[in-house]
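As structure tokens, the structure follows; a few thoughts come after it.
Numbered from 1 within each chain, the chains take letters A, B, ... in sequence-line order.
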Amino acid sequence: MDDLAPGYPSNILDEDRQGVLGRPLDRVDGPLKVAGKAIYAYEYAGQGKAAYGFIVGAAVATGRILAIDTAETSRLPGVVLIMTHPNVPTHRAYVTSGELPSGQPPYGVGRPFLADGRVRYHGEPVALVVAESFEQARDAAARVKVSYEAGPKPATRVKHEAAHAYAPKDVRGFLETDSSKGDFAGAFAGAPVQIDATYDTPFQNHHALEPHASMAVWQDGAVTLYVAAQLPIDCRDVIADTLQLPPEKVRIICKFVGGGFGSKLRTEADAVLSALAARQLGRPVKIAFTRQQVVVNAAHRTESIQRVRLGAERGGRLIALAHEALEHTSTFDEFAEQTVDATRHLYAAPNRLTTHRLVRLDLPMPGDMRAPGEAIGMLATEQAMDELACAIGLDPIELRIRNEPKVHPETGKPFSTRHLVECYREGAQRFGWDRRPAQPATLRDGRWLVGYGMAASIRSNFMATSQARARLAPDGRLTVQTAMTDIGTGTYTILTQIAAECLGLPVGQVTAEIGDSDLPRSPGSGGSFGAGSSGSAVYYACMTLLDRMARAAGLNDPSLLAIKHGQVSVGGQTMPIDAFMAQYAPQGIEADGEIKPGQEMRDYSQNAYGACFAEVGVDIDSGEPRLRRMLGVFTAGRILNAKTARSQATGGLIWGLSSALHEEGLIDERYGKFMNNDLAGYHVPAHADVVDVDAVFLPEVDDKSNPLKSKGLGELGICGSGAAVANAIYNACGVRVRSYPITLDKLIFDPAFPTPD
Amino acid sequence: MRPFTYERASNARAALRAVTDRPNAKFIAGGTNLIDLMKLQVETPAHLVDVNHLPLANIEEVDGGLRIGALVRNSTLAGDRRVREKYPVLSEALLAGASGQLRNKATTGGNLLQRTRCFYFYNRDTPCNKREPGSGCSALEGLNRMHAILGASPTCIAVHPSDMAVAMAALDATVETLSASGETRNIPLTDFHNLPGVEPQTETQLRPDELITAVTLPPPPPGGQVYRKVRDRASYAFALVSVAVAGGRIALGGVAHKPWRATRTEAALNSGAAPVDAADAELAAAKGYGGNDFKIPLVRRMIVRTLTQSAARETEVKHG
Ligand SMILES: Cc1cc2nc3c(=O)[nH]c(=O)nc-3n(C[C@H](O)[C@H](O)[C@H](O)COP(=O)(O)OP(=O)(O)OC[C@H]3O[C@@H](n4cnc5c(N)ncnc54)[C@H](O)[C@@H]3O)c2cc1C
Ligand code: SF4
């Protein structure tokens, strides 16, 4: 144990000299956004008149294309190109995750479209029509006549394919498929209290406000792609690999992205086809998905069937714990959501078992959606914990505290920091948890049956190699650059704050430049690793810059140079930074920084934590379940910006509410098609559903995570929060619904539902 | 979207002439339903006649009731003092529909003519008799949680999605129309919409050469009024079921191809039946299709509850 990594030493950020880091600074890009001046991918103009592409999707879910009749389409005014599999320019074959070198995420390799006549899912692109205007292209696309030889009836539901489930080799290249410890079966069989419950969660769609959109512009054999992407470098690599170009011939610009949630990790047909079409036409081509197309042309979240077994002593201590997930991948590639992962880290229990199994469905590739794994896994396990608490008559918080592990329950590794119990206690006090009725269906407010529920939150902390550059101009303005994205989370703002804090500058003097693959390499936005990774690279770049400033002033020891509010103290003298630059570095100074996952990532179990609380009302007449209040109390290391962090956390809580009560992608099994493919049919909470939601972060610094001592928090709020709502519904009306979303028809016909008086 | 031509009409006559002169022409009011359907090519008019500038946006008092112009916006109507005081069921129904932005655009006439929200109707690559007569009804054995339990046919089990029209059915409203030849008709709202029968594509009694000019409400009936909408989220969701009560008159939403006047319930109540038995009198003919089976007992519960509520309101009104 003694050679554990020591962690990151005390540094300039701990000194809080400039006093900007962590403060609730307004978004630096906010004024651009509210003024409509933030330019998104589809809105770029110039560089020649763009043509507009529209994708034709397959009208069957399995089979092959017999013929494509484009006669009518090609005669329509404005049509300039029709691309189909017989005439698409040769591009690279699809690279499956199984063909990737181990550990390489599947987001940066060849993604062909229109490559052959096979249809693998309903809506798969079968043609691209490019015309002078979007409406011409859309109308022309509707007139492309495709005939198919229909294949077998599509397999579209996990429950029907369970008999064909298989164990993947690993889960997305970096997690074990299964884990076990002790003797689960024996211990469960002998446990005095047993919970054995199966939960299911539906298909979900991300529905970011901005649909996937791209504009490709070619010049001198190189392409610039303006695209709604979370990962600029991977997107560049996909385009380069698919079009067989050297990466330096591809530039990705994604200055603003209107939400991603994981759906813009992969590079999709809009990007690849606009690049192909623009090359062929010799002019810019734009492609955007319609709302309906987003549902099939981008990833969705798997549906899942999860069995949870808890064996406990009467006092609540867990003896045996199992979580087994059945979910889907496509017929042509593999993606396994890490649904049981949180279970491996959360509670102590000597005998344990977790498994992932997959079935292959005739659907588009499922993929990452906010908090992949935890988001749906904890809908099951955190409801099961509530079931256990109710079964033994113990307060759900007390049950969790009794099962709080001292070290990682599977690996025995120490936790970097873990203040989960503090979150429970603080949350309980703030929320008024003591008012929770011990017996379900006993609290009334008019026609509302009122209930309280809670759940734990946990989300793994990740880090990915990241680079940044800092440049101090002669006038004392600082620019930091990295190929990171801001998908609405606040990246521009926190990078500005980190740099300002390091250099002792007012935030107005600092500019963050991101969203361009030509900038220093960044992992992009995903897995909540963005702020910690790119922020640390910025930190290191700034530290090197300070060092160079000191050297420029002839100091060997950089600690002899101090800057605050743009005033540089050097050798007993204080001067404005522009004067310092004029004197010592009239050309400006530049420095690079890099962070790589270090030994700390391996030696410690690193997670962000929280406790979610919900109060719901269930209408005794109609059974309509509605949120009344929600609170999350979290710890996630150092908070870089109190406002953007809170927004992420409340957004996550609302998404938890959404998965508990609303979201469900509905498939018609006969056609293999997602049917509720717009926002009238696919419900997320409306404002009226989100009456009172709050999030609080307890002070924490985690010196094992990164030099900022922060942990990823973008996905934390969604973890567990849906189960808190489900548990509150049980507490309100005494009905346990294990099939999400919890809609009124699943409540009022349960014999346990109270009869209206 | 198919290419189309557009013109703005300045009076009713001109608007009617414009739609009858051209093949495949349609009126457009708020456009909140028509434009969506045009984008999906579920509707493909070749010519649009914009009626927004016709002088049909007034609410007038006539014969102790109200005459509501076809172009009165849903939000204007919901906020009208006379409506809120004398026809609260209508105001409540309007405010329970759509979202603030949509209600600001949506018109009285357009709301009556909005089309069903059946998923298959919106997805052109699936069979749907209403969109493509003779192609089959996908909902019958498909996703039909939102669908009809009363008055459906094997050809179509879609529901009419309006909230406003349900309240108007309970208020005994009349739809006033004008034809190209100058003929006006007054069609009781409860007769205005058709049941699907074998021709679900023909949804109302309105003829292609007719314009809705107004909806007329008779004086409010004595008794309490309530609109109760049951839905999957607190706002911006179509009704699973809804109940409008205006005095002794009851109408149901989300249950049929038209706003459904529960005449059997009304009759049973008149002859002294208990609310739950009166509800069952209407529901005797109800039929579920799997996904929507829950609506039958849900309607029963909601009729009972809404009757209690309207009785309580009546008492409130009496005792000031
Ligand atoms: C996301 C969403 C949610 C919604 N939720 C609800 C809800 O919960 N409850 C609810 O009740 N409604 C809801 N609506 C529907 C909304 O109320 C209707 O779209 C609206 O009332 C239609 O009115 P409009 O004026 O925009 O009609 P338009 O779209 O302009 O027209 C609709 C039809 O009526 C015809 N038309 C219009 N005016 C006349 C006239 N004077 N004479 C003859 N024909 C005419 C048009 O030709 C067209 O066929 C929702 C709509 C959306 C998009
Ligand atoms: S219910 Fe009516 S609208 Fe829906 S699929 Fe059947 S025919 Fe079409």
Counting only heavy atoms closer than 4.5 Å, note whether [X] contacts chain B via side chain, backbone, both or neither.
X	result
A:Leu627	neither
A:Leu76	neither
A:His683	both
A:Gln136	neither
A:His687	neither
A:Glu135	both

Of A:Glu669, A:His122, A:Arg447, the largest count of non-hydrogen pairs under 4.5 angstrom with chain B goes to A:Arg447
Contact winner vs chain B - A:Ser622, A:Gly623, A:Ala686, heavy-atom pairs under 4.5 Å:
A:Ser622
Do [X] and [Y] have side-chain atoms, one donor and one acceptor, less than 3.5 Å apart?
X	Y	answer
B:Asn123	A:Gln292	no
A:Ser659	A:Tyr740	no
A:Thr743	B:Asp232	no

[X], part contacting chain A, at a heavy-atom distance under 4.5 Å:
X	result
B:Lys295	neither
B:Met302	side chain
B:Arg301	side chain
B:Arg145	side chain

Give the member of B:Pro3, B:Ser138, B:Ala237 that has the highest number of heavy-atom pairs under 4.5 Å with chain A.
B:Ser138
Are the ring centres of B:Tyr6 and B:His47 closer than 6.0 Å?
no
Compute the centroid of each ring, for A:Phe54 and then for A:Phe134, and state whether the two points are separated by less than 6.0 Å.
yes
Is [Y] paired with [X] through a side-chain N to carboxylate O contact shorter than 4.0 Å?
X	Y	result
A:Glu624	B:Arg231	no
B:Arg124	B:Glu132	no
A:Lys746	A:Asp750	no

Could you go through the side chain to side chain donor-acceptor pair (under 3.5 Å) check for B:His160 and B:Arg115 one step at a time?
CA-CA 7 Å; B:His160 191 265; B:Arg115 309 205 63 190; over 6 Å; no
